[in-house]
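Just below is one structure, and these are the notes that go with it.
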Amino acid sequence: MSSQKKALEELAKLIEASTVDPLVRNAALAITHDVDSRDDEGEVQAIFDAVKSGTEQVAGLSKGLKYMSDPRWADFFTSPARILKQSATHPSLAAGDCDDHAALICALLGSLGFVTGLRAWGRQKGEFTHVYAVVAMPKIGPKEFIGLDTTVEESNVGWEPPKGFVLTAIMDAK
């Protein structure tokens, strides 16, 4: 489990650094442009929808981020800015596995001031097979964490995987 916790912490560092990247911030602003000011739920929904289903507001994300597994022998962590650059340059490469989806959502929301986190999930204790994003709501004075898993077809904002074991790493937007 310590290696999985360490992997989550490494991914969290990558995400935190990405929240201040102008490309990530500009993408988040473009995605939420039509959302009313101070509408936390609207901002979260817009980011979720853009990553899951697509948006015309960000080059390369017109169809969202396609789920694509990493090789079985390696786990790649792609920075959210690199995902956006790659998608804009080659829209057919707008793809990533669950940690890429989670990282992109966390970075986009983090750039807007949300506290975000990563949740590793598995059916058996100590065997985590999936990662998804969570966001603290509301933005100011958060009271709960909401699941944001864009890799599952039937998911929506708030959806969580079936009962299992979880390990969570929280990034504090400063």
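The structure displayed is predicted, hence computed values, not measured ones.
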How far does [atom1] of [X] sit from [atom2] of [Y], to the nearest 0.5 angstrom?
X: Leu14; Y: Ser79; atom1: CG; atom2: OG; answer: 5.5 Å
X: Ser18; Y: Leu23; atom1: OG; atom2: CG; answer: 9.5 Å
X: Leu108; Y: Glu43; atom1: CG; atom2: CD; answer: 11.5 Å
X: Asp34; Y: Gln57; atom1: CG; atom2: CD; answer: 6.5 Å
X: Asp21; Y: Arg82; atom1: CG; atom2: CZ; answer: 13.0 Å
X: Ser111; Y: Leu29; atom1: OG; atom2: CG; answer: 6.5 Å

Q) Applying the 4.5 Å side-chain criterion to the ILVMFWY set and letting contacts propagate, would Val152 and Leu148 be lumped into a single cluster? A) no
Has the side chain of [X] got a donor or acceptor atom that lies under 3.5 Å from a matching backbone atom of [Y]?
X: Asp40; Y: Lys139; value: yes
X: Lys63; Y: Lys52; value: no
X: Ser53; Y: Ala50; value: no
X: Arg119; Y: Tyr132; value: no
X: Asp39; Y: Gly42; value: yes
X: Asn26; Y: Pro22; value: yes
X: Gln86; Y: Leu93; value: yes
X: Trp121; Y: Pro162; value: yes

Testing the basics here: between [X] and [Y], what is the closest heavy-atom pair and its distance to 0.1 Å?
X: Leu61; Y: Ala94; result: CD2-CB, 4.5 Å
X: Ala7; Y: Phe77; result: O-CE1, 3.5 Å
X: Pro80; Y: Ala103; result: CG-O, 3.5 Å
X: Ile31; Y: Ala46; result: CG2-O, 3.4 Å

Q | Cys106 vs Phe114, side chain to side chain contact (heavy atoms under 4.5 Å, CB included): CA-CA, chis, key distance, verdict | A | CA-CA 8 Å; Cys106 286; Phe114 285 93; over 6 Å; no
**Q.** Summary of side-chain hydrogen bond (donor to acceptor under 3.5 Å, both in side chains) pairs that have at least one residue in residues 88-101, sequence neighbours excluded
**A.**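 Matches after skipping sequence neighbours: His101-Thr150.
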Sub-4.5 Å side-chain heavy-atom contact between [X] and [Y]:
X: Gln45; Y: Val35; result: no
X: Leu104; Y: Leu84; result: yes
X: Val115; Y: Val135; result: no
X: Thr32; Y: Ile47; result: yes
X: Glu41; Y: Met137; result: yes
X: Asp36; Y: Arg38; result: no
X: Leu11; Y: Leu118; result: yes

(Q) As a quick check of understanding, evaluate side chain to side chain contact (heavy atoms under 4.5 Å, CB included) for Asp49 and Thr55, giving each step before the final call. (A) CA-CA 8 Å; Asp49 291 344; Thr55 180; over 6 Å; no
Q: Apply side chain to side chain contact (heavy atoms under 4.5 Å, CB included) to Leu112 and Thr19, showing your working.
A: CA-CA 8 Å; Leu112 298 176; Thr19 62; over 6 Å; no
Q.
I'd like to know if Lys13 pairs up with Glu10 as an ion pair, taking the criterion as any Lys NZ or Arg NE/NH1/NH2 lying under 4.0 Å from an Asp or Glu carboxylate oxygen.
A.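 Looking at Glu10 together with Lys13, the answer is yes, because their closest N to O distance falls below 4.0 Å.
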Q: Go through the steps for Val44 and Ile146 under the test side chain to side chain contact (heavy atoms under 4.5 Å, CB included), then give the verdict.
A: CA-CA 10 Å; Val44 169; Ile146 308 284; 5.9 Å; no
Q. Residues in side chain to side chain donor-acceptor pair (under 3.5 Å) with Thr151, at least two apart?
A. Asp149
